[in-house]
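Read the structure below first, then the notes.
Order of the sequence lines fixes the chain letters, A, B, ..., with proteins taken first and strands second; residue numbering starts at 1 for each chain.
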There are 2 protein chains.
Amino acid sequence: MAETDTETPRERYRTQVRAEIKERAWEQIATAGASALSLNAVAKQIGMSGPALYRYYASRDELITELIRDAYRSLADTLRSASAAGADLAALAHTIRGWALEDPQRYLLIYGTPVPGYHAPGDITLISSEIMAILLDACAALAQDSPATPFDAHLADHREWANGHPAPPAVLHRALIFWTRIHGVLSLELAGHFTGMGFDPALLFTAELDRLLAH
Amino acid sequence: MAETDTETPRERYRTQVRAEIKERAWEQIATAGASALSLNAVAKQIGMSGPALYRYYASRDELITELIRDAYRSLADTLRSASAAGADLAALAHTIRGWALEDPQRYLLIYGTPVPGYHAPGDITLISSEIMAILLDACAALAQDSPATPFDAHLADHREWANGHPAPPAVLHRALIFWTRIHGVLSLELAGHFTGMGFDPALLFTAELDRLLAH
DNA sequence: ACGTGTTCGTTAGAAGTTATAACCAAGCAG
DNA sequence: CTGCTTGGTTATAACTTCTAACGAACACGT
C-alpha cells in the first residue's frame with residue numbers, strides 16, 4: 001500500500017474522526033431511526049463532548065445528508081458490481097432486496113419519508129441517475145415485446161431523466177415499473193406492514209418479480 | 001339535531017379542545033412533516049401555554065398515534081363510501097391517489113417510515129384490516145383468470161390476514177399486489193422522487209393500474 | 001530551534017424541545 | 001355554601017442543536 005500520500009497527518013486524523021462519527025451515527029439510525037439521531041449522543045460515544053463534533057460537520061442536517069450520500073453510493077456500488085458480474089434484471093432485484101434487508105433504515109433513509117423542504121444536493125441526484133442507468137441497461141438487455149401503451153408515447157417525449165440513454169420508450173417504462181414495484185413491496189415490508197399478516201414477504205417479492213419479467 | 005345529549009358541558013369543551021389540537025397538529029404536519037410536530041407550538045397557536053396540552057394528550061406520541069388513527073379512519077371511510085357508490089378496483093385506486101394527494105403527509109404518516117420500535121395499537125390494525133376487506137371485495141368482484149403461481153399456493157396456507165374473507169388465493173394475491181403497486185408509485189411520487197424527471201406521475205399511475213387490470 | 005498560526009477540543013450559554021410538579025382558579029355537585 | 005374535580009398557570013428538570021469564547025496542541029516557515 002503506497003502513495004496517495006499527499007495527506008498530512010492532520011488530514012488523516014480528520015477523515016478518520018469523520019468516519020467514526022458516521023459509524024456511530026449509523027448505529028444509532030439502525031436502532032432508532034434517522035429522526036432519533038442525536039449529535040450529542042454520537043459525540044459522547046466517541047468520547048468527546050458535544051460541540052466538538054461541529055468541527056467535523058456543520059450541522060445535524062449536513063451529517064444526515066452525508067449519510068444519505070453514502071447510502072446512495074453504497075447502493076450504486078453494489079448494483080454496479082453485481083451488474084459487472086453479469087447479473088440480469090432478476091438478480092439485480094434480489095441484490096437490491098438483500099442490500100435493503102442488510103440495513104432497513106439505510107434503505108428508508110433514501111426512499112422513505114423525506115422532510116417536506118429537503119432538497120438533495122446535486123451530486124446525490126447524480127448518484128441516483130447512475131443507479132437508474134444500471135437499471136436501464138438491465139432492462140434494455142431484456143428483449144421483451146410489450147404492447148405500446150399511451151404512457152410509452154408520453155415517455156418518448158419526456159426522457160430527460162434517462163440522461164441520454166438510448167433505450168426505447170418501452171424500456172424506459174419497464175425500468176420505471178421495475179423501480180416502483182420493487183419499492184412497493186420492499187418499503188411495505190421494511191416498514192413492517194406485513195408483520196403479523198402471516199405470509200412470507202420474500203415469496204411475495206419473487207412472485208411480483210416473476211410477474212414483472214413474464215409480461 | 002337532537003340527543004346524544006348525555007354530554008356535560010365539561011365533556012363538550014374537552015372534545016372540542018382536543019379537536020382543535022389535532023387541527024393545528026395537522027397544519028404543522030402538512031407543512032413540516034410529522035417529525036417536526038411540536039406540542040409547544042401547537043399549544044401557543046391555540047393560545048394556551050405549553051404544558052396545558054398535557055391535560056388532553058398524555059404525550060407527543062399519544063397525539064401522533066391519534067392522528068394516525070384518524071388518518072386510517074379517513075382513508076377507510078373514503079374507500080368504504082366509494083365502494084358503496086359502486087366503485088370498482090380502478091376507481092378505488094384513483095380514490096386512494098386522490099386521498100393521498102389531498103394531504104401527502106397524511107398518507108406518509110400511515111405508510112411512510114415508522115420509528116423502529118413503534119407498534120400500532122390494536123384498534124388501528126383493525127381499521128387497516130377494514131381497508132383490506134374493501135380491497136379484497138373489489139378484487140373478488142373482478143373475474144380474472146391468472147395462472148396459479150407458487151405464491152398462490154403459499155397464500156392458501158397463510159390467509160389469516162384476510163380475516164376470514166372467502167376469496168380464493170388468486171384474489172388474495174391480487175389484492176396484495178394491488179396494494180404494493182399502488183403504494184410503490186404513490187409513495188415515490190409523494191416523496192418527491194419523480195420531481196425533475198420530467199414525466200407525469202399521474203400517467204405512470206394509470207399505466208401501472210392498467211397493467212394490473214389487464215393481466 | 002523558535003515563534004506563529006491554524007486546528008481541535010474544551011466549557012458556557014442561548015433558544016429550543018418534551019414532560020413533571022406544584023399551585024391556583026373556575027366549574028359542578030352534594 | 002362547601003368541597004372535589006378539572007383546566008389552566010408558572011417553575012423546573014433533562015434533553016436537544018448550535019454559537020461563542022477560550023486554551024492547548026500541533027505543523028510550519030524562518
Review point. Is Arg10(A) touching bases, backbone alone, or none of the nucleic acid, heavy atoms closer than 4.0 Å?
Key: base
Practice item. If a pair satisfies salt bridge (charged side-chain N to carboxylate O under 4.0 Å, His left out) and one of its residues is in residues 27-47 of chain A, list it, with sequence neighbours excluded. Key: Arg24(A)-Glu27(A)
Review point. Do any N or O atoms from the side chain of Arg181(B) and from the backbone of Gly184(A) form a donor-acceptor pair under 3.5 angstrom?
Key: no
Review point. Does dG8(D) have OP1 or OP2 sitting under 4.0 Å from an N or O in the side chain of Tyr13(B)?
Key: yes
Point to revise | Residue closer to the 5' end of DNA chain C, Gly50(A) versus Tyr54(B) (nearest nucleotide) | key: Gly50(A)
**Study point:** Distance, rounded to the nearest Å, where Glu11(B) contributes CD and dT5(D) contributes P
**Key:** 16 Å
Review point. What does Arg60(B) touch in the nucleic acid at a heavy-atom separation under 4.0 angstrom: a base, only the sugar-phosphate, or nothing?
Key: sugar-phosphate
Study note, to complete from the structure: Between Pro166(B) and Arg159(B), the two heavy atoms sitting closest are C-NH2, 3.9 Å
**Study point:** Distance below 4.0 Å between Ser59(A) side-chain N/O and dT17(D) OP1 or OP2
**Key:** no
**Study point:** Ion pair check, Asp77(B) and Arg80(B), cut-off under 4.0 Å
**Key:** yes
Exercise for review: Quickly work out the Leu53(A) CG to dA20(D) C1' distance and round it to whole Å.
Suggested key: 17 Å
Practice item. Any chance you could lay out the salt bridge (charged side-chain N to carboxylate O under 4.0 Å, His left out) test for Glu130(A) and Arg73(A), step after step, and finish with the verdict? Key: CA-CA 10 Å; Glu130(A) 181 184 334; Arg73(A) 193 60 288 147; 2.9 Å; yes
Check your understanding: Which residue, Ala41(B) or Ala52(A), contacts DNA chain C at a nucleotide closer to its 5' end, judged by nearest heavy atom?
Key -> Ala52(A)
Practice item. Determine yes or no for a side-chain-to-main-chain donor-acceptor pair under 3.5 angstrom, with Arg106(B) supplying the side chain and Trp99(B) the backbone. Key: yes
Review point. In whole angstrom, what separates Leu39(A)'s CG from dT19(D)'s P?
Key: 11 Å
Check your understanding: In terms of heavy-atom contacts, does CD of Glu23(B) have more than 12 from other residues, nucleotides or ligands at under 6.0 Å?
Key -> no
Exercise for review: Extract, from 5' to 3' on DNA chain C, the first and final nucleotides lying under 4.0 angstrom from some heavy atom of chain A.
Suggested key: dT6(C) to dA12(C)
Exercise for review: With heavy atoms under 4.0 Å as the rule, sort Leu37(B) into base, sugar-phosphate or nothing.
Suggested key: sugar-phosphate
Check your understanding: Nearest-Å distance, NZ (Lys44(B)) to P (dT10(D))?
Key -> 11 Å
Exercise for review: Have a look at Tyr56(A) and say if it touches a base, only the backbone sugar-phosphate, or nothing, with a 4.0 Å heavy-atom cut-off.
Suggested key: sugar-phosphate
Point to revise | Nucleotide dT6(D), atom P - distance to CZ of Arg14(B) in whole Å | key: 9 Å
Practice item. Between dT16(D), dA20(D), dT10(D), spot the one nearest the side chain of Pro51(A), thanks. Key: dA20(D)
